[in-house]
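Order of the sequence lines sets the chain letters (A, B, ...), proteins ahead of strands, with each chain counted from 1. Side chains are part of it too, since the values below use all heavy atoms of this structure and drop only hydrogens, waters and symmetry mates.
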There are 2 protein chains.
Amino acid sequence: MNYKLIIQYDGTRYDGWQRQGNTENTIQGRIEEVLSRMVQAPVEVQGAGRTDAGVHALGQVASVFLDTDASEDEICRYLNQYLPEDIGVAEVRQAADRFHARLNASGKVYRYRIGTGAYKNVFERKYYYPLGKELDVAGMRAAAAILAGEHDFKSFCSNKRMKKSTVRRLQRIDIREKAGEIEITYEGDGFLYNMVRILTGTLIEVGQGKRSPDSMKEILVGRNRKLAGYTAPARGLVLAEVKY
Amino acid sequence: MNYKLIIQYDGTRYDGWQRQGNTENTIQGRIEEVLSRMVQAPVEVQGAGRTDAGVHALGQVASVFLDTDASEDEICRYLNQYLPEDIGVAEVRQAADRFHARLNASGKVYRYRIGTGAYKNVFERKYYYPLGKELDVAGMRAAAAILAGEHDFKSFCSNKRMKKSTVRRLQRIDIREKAGEIEITYEGDGFLYNMVRILTGTLIEVGQGKRSPDSMKEILVGRNRKLAGYTAPARGLVLAEVKY
């Protein structure tokens, strides 16, 4: 039977979602470990988003085939009991055999939190980037309006050897101001390697007056990673939702 | 000059607020260390509430005499820069020389969070007690109504050698239900050692049907720690506010 899982994690101490060679310190690896023990057989979990080291998830989606008589709730409880305390499963549901969490995803929502004030938030310290500087939000919004839509985002991709298409569609980039904090929400049909973090670093530079909103056009046209801003730290980023 | 500090901390990895002998792993110790370095002289910080190991604070208040030309904001920034990331200073203000954070406090507000659902909240995992069982909130409220007011709370005090008065006044015990969570707010003029955690453990036992709300009367009259319920874990507790 095929299952759809909704997974949440504090990515701080992990090497990202994807299992890689012999490192076991990935979210995927931890989940596979627990499920393999449950069904007494090897399992392979497919995650919708391959989040980087240190990136969090509120609504990661995964699919996995399991040969078990356990109910959805029993699988969910088993996972939450044996997974470490920084990985949680919010939901387990049976899915059609053809469902594949990554290949079937039609879109993803990422959220990036930037602390702009002097306030040191000790309780949320792992979930935002403490920049500690005010940003020009109007300028950032003007830049975001240029970046939204369908473009070749090659300049916003860390993977130099990316041979497939680097064209993606960003449905929206919303920038919300809260007390001492700015939250940027990106919704898109797909994201390149480090794309959200490079977009964020570039928008921060616009907010600091180091780049003009209009310069976004040249960055897009140039198709060169060196034209865009820095890669904002992983800790401020969360995969909020996967759409199907 | 005397200063009033508002301090926040994630108490998870500390041995509580109060500096004790040769252990440096206390919040008070860490703050004194940083301030001593700043003014190049020994300093003693007085905290309003001596929170236990593992207990958090959103609004701890401390007072300290400092011989410095630095402004309030400079002291605040210095502290936030050199304190570990799980201790933050929200405010530094000059205070009258007679101000003493503990002796002048007229009341304190503590908040205790209990997870009652199956949901595993990975992001807030350090700040609530994952009981994972539904509780009878009406019964807990009936018990809380008996406990509120002025009473001898000796049964709710872990310190057997307490020789001073164990009479305290609880202005209110509010019990709020949220999705999968119960939050209990205690406001009182003062609290005995472990009092909030023993009150919480006792209210949880009422919520589980192990004790009747009415039995609170006998616990109060008995003046014996053994009559009350268990000491709820530190992680769910936060010192929310100190009143003057």
At what distance, to the nearest 0.5 angstrom, does NZ of B:Lys120 lie from CD1 of A:Ile87? 7.5 Å
Pair B:Gln8, A:Tyr119: side-chain N/O donor-acceptor within cut-off below 3.5 Å: yes
Atom CG of residue position A:Asp67 - does it have more than 12 heavy atoms of other residues, nucleotides or ligands inside 6.0 Å? no
Side chain, backbone, both or neither: which part of B:Leu83 has an atom under 4.5 Å from a heavy atom of chain A? both
Does atom OH of B:Tyr193 have more than 12 heavy-atom neighbours from other groups under 6.0 Å away? no
Give the intermediate values and the outcome of side chain to side chain contact (heavy atoms under 4.5 Å, CB included) for residues B:Asp10 and A:Arg125. CA-CA 10 Å; B:Asp10 170 351; A:Arg125 66 187 184 274; 3.1 Å; yes
A:Lys126 NZ to B:Lys126 NZ distance, which is reported to the nearest 0.5 Å: 3.5 Å
At a 4.5 Å cut-off on heavy atoms, which part of A:Pro130 comes close to chain B: side chain, backbone, both, or neither? neither
Hey, are the side chains of A:Phe123 and B:Asp86 touching, using non-hydrogen atoms and a 4.5 Å cut-off? no
Contact class of A:Tyr127 relative to chain B, heavy atoms under 4.5 angstrom: side chain
Go through the atoms of A:Glu91 and report whether side chain, backbone, both or neither lie under 4.5 Å from a heavy atom of chain B. neither
Would you say A:Asp97 has more than 12 foreign heavy atoms packed within less than 6.0 Å of its CG? yes
